[in-house]
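Some notes on the structure that comes next.
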Amino acid sequence: MKSPYNHSDYYTEPLPRNFYAYSAPAAAQRLIGCILYRQLEDGRTASGRIVETEAYTQDDPACHAFNRRTRRCEALYGAGGHAYVYFTYGVHFCFNVVCGSEGWAEGVLIRAVEPLTGLEMMAKNRGIDTFEIQTVRKKRLLCSGPGKICQAMQIDGAFNGHDLTTGCHLWISRRHDDSIKILSGVRVGISKAKDREWRFMLEGSTFISK
DNA sequence: ATATCGATTGACT
DNA sequence: GTCAATCGATATA
């Protein structure tokens, strides 16, 4: 029952590889406002606007790839435009967009998304009553955190290394509005390099984490 | 082999 | 505000 997604629309087609060929802090800002798409095997889709990101680089003490090249963070060393998905706290998955060039680890953690379509599916995945997400306040519960996004959009370890430029299963499309403003701040939940202001947020969004 | 802790979340005081 | 859940990756020996 698979229904291919319609990529003829300028706004829904996946961003090309070169979109990601920037260092993480730059890529993290480029990704604000872009649309994250998830299509399940059965054809159902969910999407949301990326409103919060964080940058991590190989020479950054807070990065998983800081000490050495390990099995877990191998995907971070790939070419830009791939996914790095890891499991943390024994409970949650977190989704990163690999950026920069192959051989140098850089990634952007997607921390919060404004739900746009597929809200019922996301609510079900999050264990939230579909009737309740009518209000903005309840919509926030769907994707206002990296673990929540993965649970809502069914992103798990199987997506580690996934190519985001193919437009299949999981991809990102361009920003619709270029007049947005981006706020920055310190990253959340880390113990090293706390001072770097590598967290970026869409100004005015009510769908930020925390 | 064993110990520690984490790019989090939700429940509870 | 505090804290448990829960497990794999990593560090240390």
Side-chain angles (χ1 to χ4, degrees), chain A residues 20 23-32 36 48 50-78 80 82-100 104-115 122-129 132-133 135 137-162 164 170 172 182-202 206-210:
Chain A
Y20 303 98
S23 189
Q29 293 173 76
R30 289 170 65 78
L31 282 163
I32 294 292
L36 177 64
I50 296 170
V51 298
E52 182 182 353
T53 59
E54 280 180 2
Y56 292 87
T57 66
Q58 188 173 325
D59 56 3
D60 156 29
C63 182
H64 289 163
F66 181 66
N67 288 321
R68 66 183 87 255
R69 189 164 178 160
T70 61
R71 197 203 284 65
R72 174 175 62 160
C73 62
E74 184 62 29
L76 272 180
Y77 290 82
H82 289 82
Y84 166 49
V85 180
Y86 67 90
F87 187 58
T88 192
Y89 288 102
V91 184
H92 301 287
F93 288 99
C94 291
F95 165 60
N96 292 248
V97 176
V98 177
C99 58
W104 178 256
E106 294 196 63
V108 176
L109 172 69
I110 307 301
R111 279 199 61 88
V113 159
E114 173 187 349
M122 292 197 277
K124 192 174 179 184
N125 290 338
R126 294 269 301 121
I128 296 168
D129 190 281
E132 298 195 55
I133 57 172
T135 67
R137 181 174 158 179
K138 291 290 185 179
K139 278 182 194 168
R140 281 199 76 262
L141 298 177
L142 297 175
C143 299
S144 59
K148 297 178 189 177
I149 294 169
C150 289
Q151 188 181 26
M153 297 187 125
Q154 298 183 34
I155 299 169
D156 61 17
F159 280 101
N160 190 36
H162 173 80
L164 297 165
L170 183 67
I172 299 170
I182 297 172
L183 304 175
S184 63
V186 295
R187 294 174 291 182
V188 176
I190 56 172
S191 56
K192 301 163 194 165
K194 286 181 168 177
D195 52 319
R196 297 192 190 196
E197 300 205 340
W198 280 5
R199 178 190 185 198
F200 302 98
M201 294 154 282
L202 176 63
T206 58
F207 294 91
I208 306 294
S209 69
K210 299 247 140 180

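Proteins get letters first, then strands, A, B, ... in listed order; numbering begins at 1 in each.
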Report task. Measure distances between side-chain N and O atoms of A:Y89 and base N and O atoms of C:dA5, and say whether any donor-acceptor pair falls under 3.5 Å. Result -> no
Report summary line: By the Watson-Crick or G-U definition, both distances under 3.5 Å, C:dT6 is matched with none
Query - Ion pair A:R187/A:E54, N-O distance below 4.0 Å - result: no
Requested in this report: May I ask you to say what A:R126 touches in the nucleic acid, namely base, sugar-phosphate or nothing, with a heavy-atom cut-off under 4.0 Å?
Outcome: sugar-phosphate
Report task. Might you point out which heavy atoms bring A:A65 and A:L76 nearest each other, and give the distance in Å? Result -> CB-CD1, 4.3 Å
Query - Side chain of A:T88 - closest among B:dG6, B:dG10, C:dT6 - result: B:dG6
Query raised in the report: To the side chain of A:F87, which of C:dC7, B:dA7, C:dA9 is closest?
Result: C:dC7
Requested in this report: Return the stacking result for B:dA7 and A:Y56: yes when the ring centres lie under 5.5 Å apart and the planes under 30°, no otherwise.
Outcome: yes
Report task. Using a 4.0 Å heavy-atom cut-off across all strands, classify A:R187 as base, sugar-phosphate, or nothing. Result -> nothing
Report summary line: Sorted by number, residues from residues 149-157 of chain A placing a heavy atom under 4.0 Å from DNA chain C are none
Report task. For A:R140 and B:dG10, give me the distance from atom CZ to atom P, rounded to whole Å. Result -> 11 Å
Query raised in the report: Can you find an N or O donor on one side and an acceptor on the other, under 3.5 Å apart, linking the side chain of A:H64 with the base of C:dA9?
Result: no
Requested in this report: Name all residues meeting the ring-ring contact (aromatic ring centres under 6.0 Å, His included) criterion together with A:Y86; count only those two or more places apart in sequence or in a different chain, and write none if there are none.
Outcome: A:H64, A:Y84
Query raised in the report: Given C:dA9, B:dT9, B:dA7, which nucleotide is nearest the side-chain atoms of A:L76?
Result: B:dA7
Query raised in the report: Among C:dA9, B:dT8, C:dA11, which is the nearest nucleotide to the side chain of A:C94?
Result: B:dT8
Report task. State which residue, out of A:I155, A:L170, A:V85, A:V98, fulfils the side-chain contact (heavy atoms from CB on, under 4.5 Å) condition with A:H162. Result -> A:L170
